Amino acid sequence: MTRASLEKQPQDVAAMFDDVAERYDLTNDVLSLGQDRRWRKEVARAVDARPAQKVLDLAAGTGTSSLPFTRTGAHVVPCDFSVGMLQVGKRRHAWLPFTAGDATRLPFRDDTFDAVTISFGLRNVQDFDAALREMHRVTRPGGRVVICEFSHPTWAPFRTVYTEYLMRALPPVARAVSSNSDAYVYLAESIRAWPDQAALAERLRTAGWSKVAWRNLSGGIVALHRGFKDGGAKDGGAKDGGATA
């Protein structure tokens, strides 16, 4: 079994996700106590995909995160760099155009997508600033990015309880349902080391995104960040630092 480290060597991260691909969706559902379903709904609402729009779903894994966008009539491209994840996804959803790709070197032309989204995957990219720039490159002017990622609970007492859960309770639970429980030790470590909401928003601005805003879910366990690419019509949106739709 493979476990990545916080150095996030791409080959280690990819191999780790290859190992957990078969039971990945089940494990996430158990570890999040079913909250992952609610988070996916909030992502779909924030992306606001429309018929015939092009949506790039990065770190799409087995394609579960892509399904809500297909129901709107949008053209969705699930992209991941774990071949194991893509194989499981293609077996389950053969009609989706699964694409192998590295978030720091996306295999798409400039200004291709109306929306780019990534859920619980940016944290696993070694150079996530490069990934934010690549997302900006492949988004058309006026398009948007939506990032759903684990973050920092806003209430200090709960933050302490949550940190204890990550390091003590999560690995044993993962051991019962996952094919590679060590991968979830890395998960806990990577969540603790991840920038908070304001810091990630600043990295988005540095990568070129405008009107950056975020909204906390589940008390800040998860945060939704959204930004726009200048040069086209935008919706009303929140100003920098506010809450996303």
Side-chain angles (χ1 to χ4, degrees), residues 6 8 10 13 39 42-50 52-60 65-66 69 74-81 99-152 190-191 193-217 220 222-245:
L6 291 184
K8 302 177 188 177
V13 175
W39 298 334
E42 294 297 335
V43 170
R45 193 170 292 125
V47 171
D48 192 26
R50 306 293 175 84
Q53 285 190 338
K54 295 180 179 179
V55 177
L56 175 60
D57 185 16
L58 284 175
S65 59
S66 301
F69 308 125
H75 175 69
V76 184
V77 178
C79 182
D80 203 291
F81 76 155
T99 302
D102 182 340
T104 64
R105 297 186 299 274
L106 291 173
F108 307 106
R109 294 181 179 177
D110 296 358
D111 306 332
T112 297
F113 296 96
D114 297 282
V116 177
T117 184
I118 183 169
S119 294
F120 308 110
L122 188 61
R123 192 186 69 260
N124 300 316
V125 178
Q126 186 179 47
D127 185 355
F128 74 86
D129 290 307
L132 293 175
R133 293 191 297 270
E134 274 291 272
M135 292 181 212
H136 189 270
R137 179 184 66 79
V138 302
T139 301
R140 68 166 180 80
R144 60 232 182 250
V145 65
V146 173
I147 297 169
C148 182
E149 189 53 87
F150 289 110
S151 197
H152 294 239
S190 66
I191 291 172
W194 187 244
D196 66 13
Q197 291 87 325
L200 180 56
E202 186 56 37
R203 305 287 272 270
L204 277 157
R205 296 184 191 102
T206 300
W209 297 98
S210 66
K211 300 187 74 172
V212 175
W214 74 85
R215 179 160 60 93
N216 291 314
L217 303 177
V222 166
L224 279 181
H225 283 71
R226 187 176 68 177
F228 293 90
K229 182 172 179 176
D230 287 335
K234 307 179 184 71
D235 67 17
K239 294 182 179 180
D240 280 11
T244 61

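All values reported here derive from a predicted model rather than from experimental measurement.
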Main chain of [Y], side chain of [X]: is a donor-acceptor contact present, judged purely on distance under 3.5 Å?
X	Y	value
Asp57	Ser66	yes
His152	Trp194	yes
Gln53	Ala115	no
Asp114	Gly143	no

Please report the closest heavy-atom contact between [X] and [Y], naming both atoms and the distance.
X	Y	value
Glu134	Ala103	CB-O, 3.4 Å
Phe108	Cys79	CE1-SG, 4.3 Å
Cys148	Leu224	CB-CD2, 3.6 Å
Ala49	Ala74	CB-CB, 3.9 Å
Arg226	Ala46	NH1-O, 3.9 Å

Does the side chain of [X] reach to within under 4.5 Å of the side chain of [Y], using non-hydrogen atoms?
X	Y	answer
Trp214	Ser151	no
Val116	Leu106	no
Leu204	Ile147	yes
Val145	Phe113	no

Mind telling me whether Phe150 and Trp39 have parallel, tilted or perpendicular rings, with 30° and 60° as the class edges? perpendicular

Rounded to the nearest 0.5 Å, how far does [atom2] of [Y] lie from [atom1] of [X]?
X	Y	atom1	atom2	result
Ser190	Glu149	OG	CD	7.5 Å
Thr104	Leu132	OG1	CG	11.5 Å
Phe120	Ser65	CZ	OG	10.0 Å

Asp111: which of Arg140, Arg137, Lys229 passes side-chain hydrogen bond (donor to acceptor under 3.5 Å, both in side chains): Lys229

Apply side chain to side chain contact (heavy atoms under 4.5 Å, CB included) to the pair Ile191 and Arg123, showing each step before the final yes or no. CA-CA 8 Å; Ile191 291 172; Arg123 192 186 69 260; 3.9 Å; yes

Distance only, no hydrogens: is a donor on one side chain within 3.5 Å (strictly under) of an acceptor on the other, for Asp230 and Ser210? yes

Would Asn216 and Gln197 satisfy side chain to side chain contact (heavy atoms under 4.5 Å, CB included), going step by step from the backbone distance to the final call? CA-CA 8 Å; Asn216 291 314; Gln197 291 87 325; 2.7 Å; yes

Checking side chain to side chain contact (heavy atoms under 4.5 Å, CB included) between His225 and each of Leu122, Val146, Leu200, which is the one that passes? Leu200

As a test of understanding, state which of Asp127, Asp129, Asp196 forms a salt bridge (charged side-chain N to carboxylate O under 4.0 Å, His left out) with Arg203. Asp129

